[in-house]
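Here it is, the structure in full.
Ligands are counted one by one from 1 in listed order, and the atoms in each one are counted from 1 as well.
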Amino acid sequence: MAAPDGRVVSRPQRLGQGSGQGPKGSGACLHPLDSLEQKETQEQTSGQLVMLRKAQEFFQTCDAEGKGFIARKDMQRLHKELPLSLEELEDVFDALDADGNGYLTPQEFTTGFSHFFFSQNNPSQEDAGEQVAQRHEEKVYLSRGDEDLGDMGEDEEAQFRMLMDRLGAQKVLEEKIAAYDEEIQHLYEEMEQQIKSEKEQFLLKDTERFQARSQELEQKLLCKEQELEQLTQKQKRLEGQCTALHHDKHETKAENTKLKLTNQELARELERTSWELQDAQQQLESLQQEACKLHQEKEMEVYRVTESLQREKAGLLKQLDFLRERNKHLRDERDICFQKNKAAKANTAASRASWKKRSGSVIGKYVDSRGILRSSQSEEEEEVFGIPRRSSLGLSGYPLTEEEPGTGEPGPGGPYPRPLRRIISVEEDPLPQLLDGGFEQPLSKCSEEEEVSDQGVQGQIPEAPPLKLTPTSPRGQPVGKEALCKEESSPSAPDRLFKIVFVGNSAVGKTSFLRRFCEDRFSPGMAATVGIDYRVKTLNVDNSQVALQLWDTAGQERYRCITQQFFRKADGVIVMYDLTDKQSFLSVRRWLSSVEEAVGDRVPVLLLGNKLDNEKEREVPRGLGEQLATENNLIFYECSAYSGHNTKESLLHLARFLKEQEDTVREDTIQVGHPAKKKSCCG
Ligand SMILES: Nc1nc2c(ncn2[C@@H]2O[C@H](COP(=O)(O)OP(=O)(O)OP(=O)(O)O)[C@@H](O)[C@H]2O)c(=O)[nH]1
Ligand SMILES: [Ca+2]
Ligand SMILES: [Mg+2]
């Protein structure tokens with residue numbers, strides 16, 4: 001058991017309890033030495049036993065609660081029973097408290113007593129006695145058990161008192177010890193105080209720490225709760241998202257299925273469309289071939305019609321010649337009967353009629369002033385036989401009937417030849433003079449001024465010179481007649497047929513060039529072309545017959561709108577300039593752009609620099625022509641209608657190019673859907 005100051009104090013043992021020794025009579029074996037000692041001490045024990053017993057009685061008196069030890073306050077209790085002061089009791093206590101721990105164990109109590117007695121009786125044996133007493137004490141402690149100690153008698157009291165006195169006598173000795181003890185006690189109390197305060201502080205700190213700890217824990221708890229709260233919310237959110245995702249997943253799945261179905265449908269649709277496309281392509285291909293055939297047939301048809309018209313025309317003209325011969329004879333006879341005055345009258349009428357009867361170009365009979373194809377052939381008869389008919393402008397540019405243009409009524413004072421533009425160029429046809437005996441200046445010589453002068457003189461017809469029997473100009477075919485070269489008179493249909501439009505400023509030599517090309521002759525002083533003229537020439541290109549429909553246009557500005565219309569139908573275009581006239585070269589670009597505007601760049605163009613024979617008057621160097629041709633991807637030649645230089649070569653080059661281009665297109669058409677590659681013209 002730990003005493004208050006921490007020292008270990010063995011618990012005083014009650015009588016009968018011992019260090020493992022049992023109560024009296026337990027017969028526990030004793031040490032051999034012990035027997036010896038017993039003999040020695042037996043004589044002395046009787047008196048002392050009593051004393052010890054008394055001591056025990058005292059002990060128990062003091063240790064009323066039976067704690068097993070005596071504290072100071074127990075000793076104080078004796079103050080009432082004994083005539084001792086508190087100080088004396090304190091001194092006695094201190095004397096007895098051998099180990100100074102503030103408690104008296106039974107050993108210390110009885111030892112004190114026995115010591116006292118021993119010291120009283122035989123001081124010499126004190127030491128031995130002490131040991132023996134100690135040992136004995138232990139035995140006595142052990143051996144006495146439950147022996148009741150009786151009350152203390154007088155003599156005992158006297159002895160006790162004596163003891164106390166002795167003890168008291170040692171007071172002086174003991175005072176010092178007491179003071180010392182007091183000091184120790186005091187220190188002890190201080191220490192206790194300190195311990196107490198330490199304890200309190202400790203407790204305080206402990207409490208503070210505890211409080212802090214508990215606050216901290218509370219804080220932590222709060223944090224944890226918040227975290228828990230957050231986690232719960234997060235979990236809720238995640239659950240929400242999870243549900244949403246799950247829901248979306250279902251929707252996506254559904255959408256997916258729909259998309260798959262749509263996909264399948266689209267695939268089927270696509271397959272069906274591709275089949276339809278293939279069918280359409282095949283149909284397109286066959287339609288293209290049909291169109292191609294139709295186009296060729298149409299061309300052939302046109303050509304045949306033209307041919308037959310030409311033949312008919314020739315036949316009619318022969319008839320006309322015959323009739324004229326007849327007429328002439330008849331006239332001769334009649335003339336003999338009638339006199340000149342009639343002739344003069346007839347002359348007047350004839351001069352008028354002769355204007356109407358001027359033959360025009362072939363195409364003019366079928367194309368009216370606006371360049372639109374006319375309807376019936378009756379015009380031909382009327383024209384040839386001068387039968388007046390109701391129509392607008394005549395071929396020669398005069399109205400065929402006496403109607404006022406635009407009103408439909410004959411004008412006052414009879415019909416006058418109105419100053420209208422000649423629509424179709426005509427070549428002077430000597431026959432009309434023969435017909436009505438009237439004389440006319442050949443058209444090619446008459447200029448617009450002369451026409452005006454004609455209009456100016458109302459009714460006065462200039463004296464016609466005596467009728468010549470030979471025509472004034474060589475009787476060539478009227479312009480527009482088909483000029484079949486001798487060697488190609490075979491009427492077999494050509495393999496190819498190309499339409500070529502011939503443009504260029506006025507007087508550059510287009511008509512002269514075509515005359516050279518078709519009739520291989522040059523006639524100076526050509527009349528300016530009016531509107532548009534037309535020739536056909538068949539060439540032999542690489543052993544195939546290529547027919548060229550040559551449209552000779554009027555270079556004058558005022559016919560520009562008519563010529564424009566013909567560009568669209570063209571397979572090829574020839575642009576001519578006069579190398580002795582710079583202005584005509586400068587206008588080439590404008591011609592090129594109006595061709596480009598009408599047909600784009602799909603049509604090959606031949607550029608011709610004419611009048612090469614007039615080298616001394618050259619104004620346009622060859623290089624300029626070549627440069628322009630290269631820049632615009634044109635075929636280029638310098639030529640002369642006068643000498644015939646390069647007239648055939650240039651058109652042969654163009655015809656060959658057209659033929660090759662058509663072959664390419666045909667090949668491409670056979671391979672469906674491949675567009676024709678445009679070759680460069682100048683090869
Ligand atoms: N020296 C020479 N003169 C030519 C040549 N070609 C044409 N001429 C003359 O130039 C003039 C005009 O000739 P045309 O053939 O009528 O000219 P054009 O281009 O038809 O004129 P428009 O019909 O008004 O467009 C005529 O007097 C011809 O004789 C040529 O190669 N050399
Ligand atoms: Ca003690
Ligand atoms: Mg001309």
Side-chain angles (χ1 to χ4, degrees), residues 360-364 371 396-397 421-428 442-449 451 473-474 476-481 483 500-535 537 550-564 566-567 573-588 590-591 594-595 606-620 622 625 637-651:
S361 72
V362 172
I363 194 67
S396 56
R421 296 172 298 140
R422 285 166 297 144
I423 297 302
I424 297 295
S425 78
V426 290
E427 184 182 83
E428 179 46 34
L443 253 185
S444 50
K445 292 207 177 51
C446 82
S447 68
E448 292 187 350
E449 294 71 46
E451 277 170 355
S473 64
Q477 285 173 337
V479 170
K481 278 179 126 7
I500 302 199
V501 176
F502 208 144
V503 294
N505 280 13
S506 178
V508 294
K510 298 184 291 297
T511 312
S512 307
F513 179 91
L514 288 178
R515 166 152 305 179
R516 166 66 72 189
F517 179 67
C518 296
E519 298 156 28
D520 200 13
R521 63 191 177 91
F522 179 79
S523 42
M526 281 289 298
T529 306
V530 172
I532 196 153
D533 256 348
Y534 158 85
R535 291 162 175 277
K537 169 88 179 157
L550 299 155
W551 300 80
D552 178 13
T553 65
Q556 290 167 5
E557 192 60 43
R558 52 185 166 173
Y559 303 114
R560 203 54 50 90
C561 60
I562 299 178
T563 46
Q564 284 283 15
F566 283 77
F567 283 151
V573 174
I574 305 175
V575 180
M576 179 180 269
Y577 65 90
D578 177 351
L579 52 80
T580 66
D581 167 13
K582 192 169 186 56
Q583 184 48 42
S584 70
F585 178 72
L586 297 177
S587 313
V588 166
R590 193 155 41 82
W591 286 111
S594 53
V595 169
L606 165 63
L607 177 64
L608 292 176
N610 192 30
K611 306 194 184 181
L612 188 57
D613 54 290
N614 236 341
E615 189 56 44
K616 56 185 177 308
E617 285 170 37
R618 175 191 281 272
E619 287 181 7
V620 182
R622 180 183 174 82
Y637 284 88
E638 284 191 337
C639 61
S640 160
Y642 176 72
S643 65
H645 178 68
N646 269 346
T647 46
K648 282 205 180 329
E649 294 78 353
S650 54
L651 282 193

- Query: Is it true that Pro524 lies under 4.0 Å from ligand 1, counting heavy atoms only?
  - Reply: yes

min-distance protein heavy atom vs atom 16 (O) of ligand 1 -> Met526 CB, 3.4 Å

If we number the atoms of ligand 1 from 1 as shown, the ones under 4.0 Å from a heavy atom of Thr511 are 15 (O), 20 (O), 23 (O)

(request) Indicate yes or no for a side-chain donor-acceptor contact from Lys510 to the backbone of Gly504 under 3.5 Å, with no hydrogens or angles considered. (result) yes

Per-atom filter on ligand 1: closer than 4.0 angstrom to a heavy atom of Gly555 are 22 (P), 25 (O)

Q | Distance-only N or O hit between ligand 1 and Tyr642, under 3.5 Å | A | yes

Paired with Asp578, the side-chain contact (heavy atoms from CB on, under 4.5 Å) test is passed by just one of Glu617, Glu619, Lys611, Arg618, namely Lys611

So the atoms of ligand 1 within less than 4.0 Å of a heavy atom of Ser640 turn out to be 31 (O)

Taking N, O or S atoms only and a limit of 2.8 Å, check whether Ser506 reaches the Mg ion (ligand 3). no

If you scan protein heavy atoms around atom 21 (O) of ligand 1, the nearest is Ala507 N, 2.7 Å

Hey, mind stepping through Leu607 and Val588 against side chain to side chain contact (heavy atoms under 4.5 Å, CB included) and telling me if it holds? CA-CA 9 Å; Leu607 177 64; Val588 166; 3.8 Å; yes

Quick note on ligand 1: atoms under 4.0 Å from a heavy atom of Val508 include exactly 17 (O), 19 (O)

Donor-acceptor check, side chain of Asn646 to backbone of Glu638, threshold 3.5 angstrom: yes or no? yes

Near Ala528 (heavy-atom distance under 4.0 Å), the atoms of ligand 1 are 23 (O), 24 (O)

Atom 27 (O) of ligand 1: closest protein heavy atom, distance to 0.1 Å, is Gly525 N, 3.7 Å

The protein heavy atom nearest to atom 31 (O) of ligand 1 is Ala641 N, 2.9 Å

Which of Leu651, Val575, Val573 passes side-chain contact (heavy atoms from CB on, under 4.5 Å) with Leu606? Answer is Leu651

Got Val503 and Val501 here, is their nearest side-chain heavy-atom distance under 4.5 Å?
yes

Numbered in order shown, the ligand 1 atoms found under 4.0 Å of a heavy atom of Asn610 are 5 (C), 6 (N), 31 (O)

Is the Mg ion (ligand 3) under 2.8 Å from any N, O or S atom of Thr529? yes

of all protein heavy atoms, closest to atom 1 (N) of ligand 1 is Asp613 OD2, 2.9 Å

- Just wondering, do Ser587 and Tyr577 contact through their side chains at under 4.5 Å, heavy atoms? no

Item to check | Exam field: side chain Arg535 to backbone Cys518, donor-acceptor pair closer than 3.5 Å | outcome: no

Going by heavy atoms in the side chains, are Phe513 and Leu608 under 4.5 Å from each other? yes

| field | Phe513 touching ligand 1 at heavy-atom level, < 4.0 angstrom | value | no

Nearest heavy atom to atom 9 (C) of ligand 1, choosing from Lys611, Met576, Arg515, Lys510, belongs to Lys611

Are any of the side-chain heavy atoms of Phe522 and Ser512 separated by less than 4.5 Å? yes

To the nearest 0.5 Å, atom CG of Asn505 lies from atom CG of Leu586 at 9.5 Å

Ser523 and Arg515 have their tightest heavy-atom pair at OG-NH1, 2.9 Å

Q | Phe522-ligand 1 polar pair, N/O distance under 3.5 Å | A | no

Ligand 1 atoms nearer than 4.0 angstrom to some heavy atom of Thr529 are 20 (O), 22 (P), 23 (O), 24 (O)

Contact check: Leu612 vs ligand 1, nitrogen or oxygen atoms, below 3.5 angstrom: no

Out of Ala554, Ser506, Ser512, Gly504, the nearest non-hydrogen contact to atom 7 (C) of ligand 1 is supplied by Ser512

CH2 (Trp591) and OG1 (Thr553) are apart, to the nearest 0.5 Å, by 5.5 Å

